[in-house]
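Naming convention: chains lettered A, B, ... in sequence-line order (proteins, then strands); numbering from 1 in each chain.
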Number of protein chains: 2
Amino acid sequence: MGDDKRLRDAAEKLALILAQGGMQKTTARVMTCLLFSQQETLTAADLCAELQISSGAVSGAVKQLAPSGLLERVPAPGSRRDHYRFPDGAWATLMSQQNQLLATMGEAADQGLAAAGDPSTPAGRRLAEMKDFYTFMLRELPPLIERWRTDFTAKHPNQETQQSG
Amino acid sequence: MGDDKRLRDAAEKLALILAQGGMQKTTARVMTCLLFSQQETLTAADLCAELQISSGAVSGAVKQLAPSGLLERVPAPGSRRDHYRFPDGAWATLMSQQNQLLATMGEAADQGLAAAGDPSTPAGRRLAEMKDFYTFMLRELPPLIERWRTDFTAKHPNQETQQSG
DNA sequence: CAGAAGTTTCAGAGATCTGCGAACACTCTG
DNA sequence: CAGAGTGTTCGCAGATCTCTGAAACTTCTG
């Protein structure tokens, strides 16, 4: 029983960290609740009870988490309620989505370069470096994540790490 | 001349993106202003005039950016004013600091595992995967960044990409 | 040491965001 | 098709955050 409390505390603690990092507080709490729960799935009602929040708040959090791949709706035969779970491989999915940001940064650098013209100007020099960096990362990061996926599934053959999408 | 406006626009556009990603709006504007400026350095007064913000706001933004390595105070001989610039290698520095976050995530997973006990429980399984992922990334990312630094300085021998330290 | 130039701090106005609770919409059951 | 069970949307009150403008502080000059 004490373990449950410790899990609860650890969940809230991580939620706080994520919230400081920019994530919505309630959204973070919903996510960590699913992550640290000893049940495979939780319903919206479970989350309301566990986190002491309204059903509207749960709905909002779900709407944010689901597209990011940090929450999955699970078909629940026999129950009319939606069941939610933290998907396997979610962290890898999340980091993969950062690639979109890398691409955006590269494009921003491009636009700046088009306006700055010469890479010998101060702005041109800075933006050229920026572009180089993000191009590099965009090329190197996806294979790295893929390698983790491969390694991990090799280590855990019973657990198919599913990609969303 | 039109180029200046295009640079300005590109700067504000990137600032907006960064703001949506969680960065303070004014902080982002100050950063992109330095990044896209055709001058090597800008003073606080320059930033006030350029961005139409108060000196207090500039001070606040500087206080946020400087510790992250996204802004540097430059000694300005002959001028009593502080001069600020966007440091070379700032993007790499920034990503290196993300490593701290990776470590924190790994620790959070550890704490959860200590409470969940068995990795065969649902929470244990999820947290074990989380730990594996962040441990992997923490091991692989720093060398990757270092490789970019090496490659880049090799390509641009005149431009010492300085690390903040 | 008095005064000027510049930066930082701080209280408060204004804007933004967030989650609650209720109304609404949807989907199965009988 | 009526009605119960759920999920979603939305207006609003409360909380939070942010920037301004002014005062306080620091550092340099004469």
Side-chain angles (χ1 to χ4, degrees), chain A residues 11-12 14-34 37 39 41-68 70-86, chain B residues 11-12 14-34 39-68 70-86:
Chain A
E12 291 289 346
L14 179 56
L16 208 62
I17 291 169
L18 294 172
Q20 285 170 343
M23 188 182 280
Q24 211 86 331
K25 196 170 109 189
T26 300
T27 303
R29 292 183 72 212
V30 167
M31 194 194 95
T32 58
C33 192
L34 288 164
S37 168
Q39 296 173 253
T41 68
L42 295 178
T43 65
D46 291 337
L47 290 164
C48 289
E50 183 77 29
L51 301 172
Q52 301 278 44
I53 58 180
S54 72
S55 63
V58 171
S59 180
V62 166
K63 199 157 61 170
Q64 273 195 280
L65 290 170
S68 311
L70 290 170
L71 175 148
E72 229 176 17
R73 280 188 160 81
V74 177
S79 169
R80 211 183 293 178
R81 300 179 174 181
D82 282 2
H83 285 234
Y84 304 113
R85 108 175 129 193
F86 187 87
Chain B
E12 291 289 346
L14 179 56
L16 208 61
I17 292 170
L18 294 172
Q20 285 170 342
M23 187 182 280
Q24 213 82 333
K25 196 170 111 188
T26 300
T27 303
R29 292 182 72 212
V30 167
M31 193 194 96
T32 59
C33 193
L34 288 165
Q39 297 173 253
E40 277 299 343
T41 68
L42 295 178
T43 66
D46 290 338
L47 289 164
C48 289
E50 183 78 28
L51 301 172
Q52 302 278 43
I53 58 181
S54 72
S55 62
V58 172
S59 179
V62 167
K63 199 157 60 168
Q64 273 195 279
L65 290 170
S68 312
L70 290 170
L71 175 148
E72 227 175 19
R73 281 187 158 82
V74 178
S79 168
R80 211 182 294 176
R81 300 179 176 182
D82 282 1
H83 285 236
Y84 303 113
R85 110 176 127 194
F86 187 88

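Protein atom CD of B/Q24 is 4 Å distant from nucleotide atom P of D/dT18, rounded to whole Å. As a whole-Å value, the separation of B/Q64 CD from C/dT8 C1' is 15 Å. The separation between A/I53 atom CD1 and D/dT8 atom P is 13 Å, rounded to whole Å. Atom CZ in A/R80 sits about 6 Å away from atom P in C/dT29, given to the nearest Å. Look at CD on B/Q20: it is 14 Å from P on C/dT16, rounded to the nearest Å. Separating the CZ atom of B/R29 from the P atom of D/dT18 is a distance of 15 Å, rounded to the nearest angstrom. Between the P atom of C/dG19 and the NZ atom of A/K25 lies a distance of 7 Å, rounded to the nearest Å. Between A/L65 atom CG and D/dT8 atom P there is a gap of 13 Å when expressed in whole angstrom units.
Using a 4.0 Å heavy-atom cutoff across all strands shown, B/R73 reaches sugar-phosphate atoms only and no base atom. Here A/R81 lies in heavy-atom contact (under 4.0 Å) with sugar-phosphate atoms only. Using a 4.0 Å heavy-atom cutoff across all strands shown, A/Q52 reaches sugar-phosphate atoms only and no base atom. If you check every strand for non-hydrogen atoms under 4.0 Å, A/A57 touches sugar and phosphate atoms only. In this structure, A/T26 reaches the sugar-phosphate backbone alone: every heavy-atom distance under 4.0 Å involves primed, P, OP1 or OP2 atoms, never a base. Using a 4.0 Å heavy-atom cutoff across all strands shown, B/A45 reaches no nucleic acid atom at all.
Closest approach of B/R81 and B/A76 over heavy atoms only: O-CB, 4.0 Å. Contact record, A/A11 with A/T32: O-OG1, 3.2 Å, taken as the closest heavy-atom pair. The heavy-atom pair separating B/A19 from B/A28 by the smallest distance is N-CB, 4.5 Å.
For A/S79 and B/T27, each mapped to the nucleotide of DNA chain D holding its nearest heavy atom, the one lying further toward the 5' end belongs to A/S79.
Interatomic distance, B/Q24 CD to B/L65 CG, rounded to the nearest 0.5 Å: 10.0 Å. Rounding to the nearest 0.5 angstrom, the gap separating the CG atom in A/L42 from the SG atom in A/C48 is 11.0 Å.
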